[in-house]
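Heavy-atom basis, side chains included; hydrogens, waters and symmetry copies ignored. Only a predicted model underlies this, so the values are computations on that prediction, with no experimental measurement involved.
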Number of protein chains: 2
Amino acid sequence: MILDAIDKKILRVLQRQGRIPNNELAALVGLSPSPCLRRVRVLEDKGVIARYAAILDPGLVGMGLTVFARVYLTGQGEDQVNHFIEEIGKLSQVVECHLMAGDCDFLLRIVAEDLVGYRRFQGERLARIKGVQSIKTDIPMQMVKQSWEVPLAPDGR
Amino acid sequence: MILDAIDKKILRVLQRQGRIPNNELAALVGLSPSPCLRRVRVLEDKGVIARYAAILDPGLVGMGLTVFARVYLTGQGEDQVNHFIEEIGKLSQVVECHLMAGDCDFLLRIVAEDLVGYRRFQGERLARIKGVQSIKTDIPMQMVKQSWEVPLAPDGR
DNA sequence: GTTGAAATTATGGTCAA
DNA sequence: TTGACCATAATTTCAAC
């Protein structure tokens, strides 16, 4: 997949304004509407644009706390790892889950209403998954930066 | 801000399909187009919907590696912390930055092309920010789950 | 919340560079 | 191969009910 300068412009705009009308997008990237739309469709079809999403303010829907949890399993066998992965998939509060190379087995980003809600979630859901040995929670004091944008190199790659 | 069941339905759909036509959205949530659009506008105006975004496939734009970095500063004075925050804001590869309560000072999520690219980024950018004492990098072996959706409680909150 | 008409936007064909 | 222009279809938007 080769992206030229115009494709990258399109992606940069669409990452910030996912619902911009095609007319305006075309004007911003210096194209007329048709070829602009054609490029967007190609980017969608190739999967470069995976999907579109509304970005919510977590605090305004009562889910203002983000925490990180490091999970240690009792063993690293395939069955055990897969079981954990499967259970995590069912928990919508777990917004991100990475199988780690170092120290801990999994790193999770979890969204909760507040500390009380997180404590309950950890005790009633996370800790009860079979094979979980221990959980260490890292609590942010302040979210300094949050972006959903993939950085795009300025020129062709 | 009080969200009723229909608002939550709308938000759930819009988090997954940010560009769904209002007609279809209305049908999905059991409303006719006009009141549905009215609700969406209210959610936008109140800031519950912060914005819309195209979600890209990082691998397909040549940015397939996500790493976490724990940053330790030489001190926690306000000036030092603020300087770090300011510099981080300029680095588009730093997709997330949290000021932490415990162990390390900052937790960063960084997007890079590959390990070579990350190493360069860490050496040339991160480590050169004034006041950075040390950086510990956690590397995911596998991304198990990634979601941008804020979980919404089923009933009124 | 509903209906329906008007304005805006998306889409696809065709031609030109 | 890529972009421009134009006609048509779909969608959004806003009135009145």
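Listed in residue order, the members of residues 45-56 of chain B having a heavy atom less than 4.0 Å from DNA chain D come to none. Near-neighbour residues of DNA chain D inside residues 13-38 of chain B, defined by a heavy atom below 4.0 Å, number-ordered: Pro21(B), Asn22(B), Asn23(B), Ser34(B), Leu37(B).
Closest heavy-atom contact between Gly123(B) and Ala127(B): O-CB, 4.0 Å. When every heavy atom of Val67(A) is checked against every heavy atom of Pro140(A), the shortest pair comes out as CA-CD, 4.0 Å. The two residues Gln15(B) and Leu152(B) come nearest to each other via the heavy atoms NE2-CD1, 4.2 Å. Pro33(A) and Asn22(A) make their closest contact through O-ND2, 3.0 Å (heavy atoms, listed as atom of the first residue, atom of the second, distance).
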Name every donor-acceptor pair, under 3.5 Å, that has one atom in a side chain of residues 53-66 of chain B and the other anywhere in the protein, sequence neighbours excluded.
residue	atom	partner	partner atom	Å
Asp57(B)	OD1	Gly59(B)	N	2.9
Asp57(B)	OD1	Leu60(B)	N	3.3

> Would Thr74(A) and Gln80(A) satisfy side-chain hydrogen bond (donor to acceptor under 3.5 Å, both in side chains), going step by step from the backbone distance to the final call?
Replying inline: CA-CA 9 Å; Thr74(A) 54; Gln80(A) 210 164 22; 2.6 Å; yes
>> If you apply the rule salt bridge (charged side-chain N to carboxylate O under 4.0 Å, His left out), what do you find for Lys130(A) with Asp79(A), and how did you get there?
In response: CA-CA 11 Å; Lys130(A) 210 173 63 183; Asp79(A) 287 355; over 6 Å; no
>> Show, in sequence, the C-alpha distance, side-chain angles and deciding distance for Arg19(B) and Arg19(A), and conclude whether the side chain to side chain contact (heavy atoms under 4.5 Å, CB included) test is met.
In response: CA-CA 6 Å; Arg19(B) 251 188 157 176; Arg19(A) 250 188 158 176; 4.1 Å; yes
>> Working note: Arg128(A) + Glu87(A), criterion salt bridge (charged side-chain N to carboxylate O under 4.0 Å, His left out); need CA distance, chi angles, decisive distance, verdict.
In response: CA-CA 10 Å; Arg128(A) 289 197 186 164; Glu87(A) 292 300 311; over 6 Å; no
> Checking side chain to side chain contact (heavy atoms under 4.5 Å, CB included) for the pair Lys145(B)/Phe106(A): CA distance, chi angles, key distance, verdict?
Replying inline: CA-CA 11 Å; Lys145(B) 181 177 183 178; Phe106(A) 289 96; over 6 Å; no
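Recorded end-axis angle for the helix from dG1(C)-dC17(D) to dA17(C)-dT1(D) stands at 30°, based on five pairs per end and rounded to 10 degrees.
Transitive grouping of hydrophobic side chains (ILVMFWY, heavy atoms separated by less than 4.5 Å) brings Val71(A) and Val81(A) into a common cluster. Grouping the Ile, Leu, Val, Met, Phe, Trp and Tyr side chains by contacts below 4.5 angstrom, directly or via other members, places Ile110(A) apart from Met100(B). Linking Ile, Leu, Val, Met, Phe, Trp and Tyr residues whenever their side-chain heavy atoms come within less than 4.5 Å leaves Leu73(A) and Leu107(A) in two separate clusters. Connection of Phe68(B) to Val95(B) is not established within any shared hydrophobic cluster, with ILVMFWY side chains joined at heavy-atom distances below 4.5 Å, either directly or through further cluster members. Each of Val13(B) and Leu37(B) belongs to its own hydrophobic cluster when Ile, Leu, Val, Met, Phe, Trp and Tyr are linked at side-chain heavy-atom distances under 4.5 angstrom.
Nucleotides of DNA chain C that come within less than 4.0 Å of any heavy atom of chain A span, from the 5' end to the 3' end, dT9(C) to dG13(C). Boundaries of the chain B contact region on DNA chain D are dT11(D) to dC14(D), first to last in 5' to 3' order (nucleotide atom under 4.0 Å from a heavy atom).
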